[in-house]
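Nothing fancy with the numbering, it's 1 onward along the sequence.
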Amino acid sequence: MKRLLTGTALALMTTSGAAFAGGHGVSACLITKTDTNPFFVKMREGAEAAAEANNITLRSYAGKVDGDHETQVAAIETCIADGASGILLTASDTSSIVGAVTQAREAGLLVIALDTPLEPIDAADATFATDNFLAGELIGQWAAATLGDDAANAKIGMLDLAVSQPSVGVLRDQGFLQGFGIDLGDPNKWGDEDDPRIVGNDITAGNEEGGRRAMENLLAVDPMINVVYTINEPAAAGAYEALKSIGRENDVLIVSVDGGCPGVQNVADGVIGATSQQYPLLMASKGIEAIASFAADGTLPANTPGKDFFDTGVALVTDRPADGVDSISVAEGMDLCWG
């Protein structure tokens, strides 16, 4: 019997292509964390274009907010009941979702994680993602190189996504700290480092309001914070507004990750010093192509050499290049941005 999504459980459901069920051709589900973040909007666009090119019927779902695990589980159950061939998933809870993913795989569906590796990573059949640790490491290296000798006396505010758990939030946080030259504690969680340069960590939920609130909280601990790591560009925009409200928007270095067009524009405008750009459209299109190939002949793409996932790339975007840190210009970033 099919489980129907009703009320708050149904956050988003759109269908492209022919009738979804009934065994006609190859069908796929895309399940993202939200439908409002430009990152996931671009991911859906990439999946839709690739689905049309490969004659795959696609249905898309999303949680209402980042962290809406229950809706993602319900979406997986619906995709199983509807006879989908495969699922593309950006998981809100990388470990708790594994039970539902296992059910899907046991039912014969190919499950591909996008952007956010599951815990463990081999709970999915394949993963297409940014190297999120590297994304964080690049902005950490850039910040340290930009500060030069002053990096030794930096006061750093860490604006994370959510409570510490295996996720892109931890990977980016830990990558930043390593890139900045700070010794890590347990690399699988944030907040256990003892470097005195870290003023503290706060959570943002990856949105502008959360970024502003978290920045205000950390400024209450130390109003002289001069380096701010942010999980993504909406959080960075909120942090900037909090700093602007006390007249410190011009003397604090903000770094971030995403590479959406609004974020790259914020680099151009001096709101963000540098951001690590990732490519959600490529993740989704590669995922759809993998479902098509698997349906045709049972093959899966190989992982990137030396990694346990398919790396879709990352580039540091800034107009203030730093010695020893590879980067691209804002103009190049605008050509590649999304949102």
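For Glu216 and Arg213, the salt-bridge test fails: no basic side-chain N is under 4.0 Å from an acidic carboxylate O. Salt-bridge check for Asp35 with Lys64: failed, with every basic side-chain N at 4.0 Å or more from each acidic carboxylate O.
Between atom CD1 of residue Ile112 and atom CG of residue Leu89 there is a gap of 10.5 Å, rounded to the nearest 0.5 Å. In this structure, CG on Asn55 lies 11.5 Å from OG on Ser27, to the nearest 0.5 angstrom.
Inspection of the Glu119 and Ser95 side chains reveals no N or O donor paired with an N or O acceptor under 3.5 Å. For the residue pair Thr299/Asp297, the side-chain donor-acceptor check at 3.5 Å is satisfied. Checked by atom type, the side-chain pair Asp308/Asn303 shows no donor-acceptor distance below 3.5 Å. A donor and an acceptor atom, one from each side chain of Thr94 and Ser167, are nowhere located under 3.5 Å apart.
By the 4.5 Å heavy-atom criterion applied to side chains, Leu316 and Trp142 are counted as neighbours. Side-chain contact between Ile254 and Tyr240: present, with at least one pair of heavy atoms (C-beta onward) separated by less than 4.5 Å.
A donor-acceptor contact shorter than 3.5 Å links the side chain of Gln277 to the backbone of Gly333. For the pair Tyr229 (side chain) and Ile156 (backbone), a donor-acceptor distance under 3.5 Å is absent. Looking at Ser245, its side chain does come within 3.5 Å of a backbone N or O of Ala242 through a donor-acceptor pair.
By the 30° and 60° cut-offs, the orientation of the rings of Phe39 relative to Trp338 is perpendicular.
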Mind listing the side-chain donor-acceptor pairs of residues 232-239 below 3.5 Å, one per line with the distance, residues two or more places apart or on another chain?
from	atom 1	to	atom 2	distance (Å)
Asn232	OD1	Ala235	N	3.1
Asn232	ND2	Gly206	O	3.0
Glu233	OE1	Gly259	N	3.4
Glu233	OE1	Gly260	N	3.1
Glu233	OE2	Gly259	N	2.6
Glu233	OE2	Thr275	OG1	2.7

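Under a cut-off of 6.0 angstrom, the local environment of CG in Asp251 is crowded, with over 12 non-hydrogen atoms contributed by other residues, nucleotides or ligands.
For the side-chain hydrogen bond (donor to acceptor under 3.5 Å, both in side chains) condition, the pairs that include at least one residue of residues 191-200, sequence neighbours left out, are Gln174-Glu193, Asp195-Arg197.
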